[in-house]
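The next block holds one structure in the form of structure tokens; read it before the comments.
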Number of protein chains: 2
Amino acid sequence: MSSKKNKTSYVILGLLNEENLSGYEIKRIVDDRLSFFWNESFGQIYPELKRLTSEGLIAVSSADRPVYSKQSIKYEITEPGRLELQEWLKSPVEKELIRFEILLKLYFSNANSSDTMLEHVKEFQTSHLRQQQLFQQFEAQLKQNIDVHSNHRQILMVLSFGQKMWEAYAAWSEETLRLLEQNITAQEDDTDE
Amino acid sequence: MSSKKNKTSYVILGLLNEENLSGYEIKRIVDDRLSFFWNESFGQIYPELKRLTSEGLIAVSSADRPVYSKQSIKYEITEPGRLELQEWLKSPVEKELIRFEILLKLYFSNANSSDTMLEHVKEFQTSHLRQQQLFQQFEAQLKQNIDVHSNHRQILMVLSFGQKMWEAYAAWSEETLRLLEQNITAQEDDTDE
DNA sequence: AATAATTTGTATCTAAAAGATATATTTAGA
DNA sequence: TCTAAATATATCTTTTAGATACAAATTATT
């Protein structure tokens, strides 16, 4: 037990702890609910489902076996799987992983490329506004029908994190667009003289 | 030219565009200045330095050749390298990469594990406060001696992003600690009855 | 009803990145 | 002089991201 595992395995165990799911459904849930702080690919999920099954931490669910000719394979968590999940929850949190290419480009840019950076920041602004709105819907939905998830309080705390991030993104975008515009007009004045 | 490259190559080109550096120095600068939104490992940097050299985008600097017996190899950017960097700056920004294990744990936790989560959030709070303070020093330093970097305005915009993130982290930590404490006292009241 | 397009579902492959480790040199301090 | 820490280059393994292939099932269109 407790052999160091990749993170994908805990995503699977965590989700199966709530309900039986297929690999595809796991991918969908991660994309829909966790994508603002976590992502998984099929290339991680499917091999891991097999490994966890062979290790006895999850099992193919006989209850949800393919009715008629559905090819979907649903998995359920086992007791050892639950223990593994609980142990991981208690283990120290690993440092977050962050990569913002936009900041890398901004860092390496100069006054001359302010117009390009302006476009980049505008795109950043609108794409995150869209993402924020999508999650606000989810949040509103969650607040209406309480107790659908046993852990709805925890989910709300996670969503609050997202909310604060998007607010920070919005404020930074506004501020940075202003600064870049200043750069551009300053540049134009230079060439005019 | 413009063959799709891994991001490490642009970090190298971007930094060498300012000054000649060795692999080790590149790693240090990334750790010291970019680490709050970007990271690189030696395992990425050294092979990439060789590849970029063989492609002619960078070159071993003869100017900074080892005086006496220093084994350090410094690299300089070439004209094709500068072009490659400029092209990348103009290319669309890729979506940021984010992985917060703490949010994953919180999402999969329940009321029973509030005490564990409380410890996790406390650790999160203090480690980011420390990081924020380190970068505030860098920012103050940068604001004093302007024009050491030609792109100091851009660097300040990047640092402002960090600042807003750390403020969001702090606010979320406070809020979440309060909520988790409520959970714990509610649990205790339950078991008392 | 036939066809086309989309969604659901499982699976694998490659390239990129993280993290760990090995090793040697140089510098600073006890 | 010996030791510890910092500098420096290098490689190896595991993990992850992203792309792609393919087939069945569902939905939409004509």
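Order of the sequence lines fixes the chain letters, A, B, ..., with proteins taken first and strands second; residue numbering starts at 1 for each chain.
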Pick base, sugar-phosphate or nothing for [X], based on heavy-atom distances below 4.0 Å to the nucleic acid.
| X | answer |
| --- | --- |
| A/Lys7 | sugar-phosphate |
| B/Lys95 | nothing |
| B/Gly43 | base |
| B/Ser41 | base |

Over all heavy atoms of both residues, which pair between B/Tyr24 and B/Tyr46 is shortest? Give the atoms and the distance, please.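 The answer is N-OH, 3.3 Å.
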Between A/Asn20 and A/Lys74, what is the shortest heavy-atom contact and its length?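 Heavy atoms only, the tightest pair is O-CD, 4.0 Å.
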Residue mapping more 5' on DNA chain D - nearest nucleotide basis, B/Tyr46 or B/Arg99: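 Looking at DNA chain D, the more 5' nearest nucleotide goes with B/Tyr46.
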Hey, which of these two, B/Tyr75 or A/Trp38, hits DNA chain D nearer its 5' end, going by closest nucleotide?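 Its nearest nucleotide lies further toward 5', so the answer is B/Tyr75.
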Any [X] side-chain nitrogen or oxygen under 4.0 Å from OP1 or OP2 of [N]:
| X | N | value |
| --- | --- | --- |
| A/Tyr24 | C/dT10 | no |
| A/Ser72 | C/dT8 | no |
| B/Lys50 | D/dT11 | yes |
| A/Ser22 | C/dT10 | yes |

Side chains of B/Met165 and B/Phe36 in contact at under 4.5 Å (non-hydrogen atoms):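 They are not in side-chain contact.
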Write down the distance between [atom1] ([X]) and [atom2] ([N]), rounded to a whole number of angstrom.
| X | N | atom1 | atom2 | answer |
| --- | --- | --- | --- | --- |
| B/Glu94 | D/dG18 | CD | P | 7 Å |
| B/Arg28 | D/dA5 | CZ | C1' | 12 Å |
| A/Gln44 | C/dT12 | CD | C1' | 13 Å |
| A/Leu49 | C/dA11 | CG | P | 9 Å |
| A/Phe42 | C/dA11 | CZ | P | 12 Å |
| A/Lys27 | C/dT7 | NZ | C1' | 15 Å |
| B/Glu48 | D/dT9 | CD | P | 16 Å |
| A/Ile73 | C/dT8 | CD1 | P | 17 Å |

Once side-chain hydrogen bond (donor to acceptor under 3.5 Å, both in side chains) is applied, what residue pairs with a partner in residues 116-125 of chain A remain, sequence neighbours excluded?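 Listed once each, the pairs are A/Gln125-A/Glu174.
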Who pairs with A/Thr126 by side chain to side chain donor-acceptor pair (under 3.5 Å), at least two apart in sequence or on another chain? none
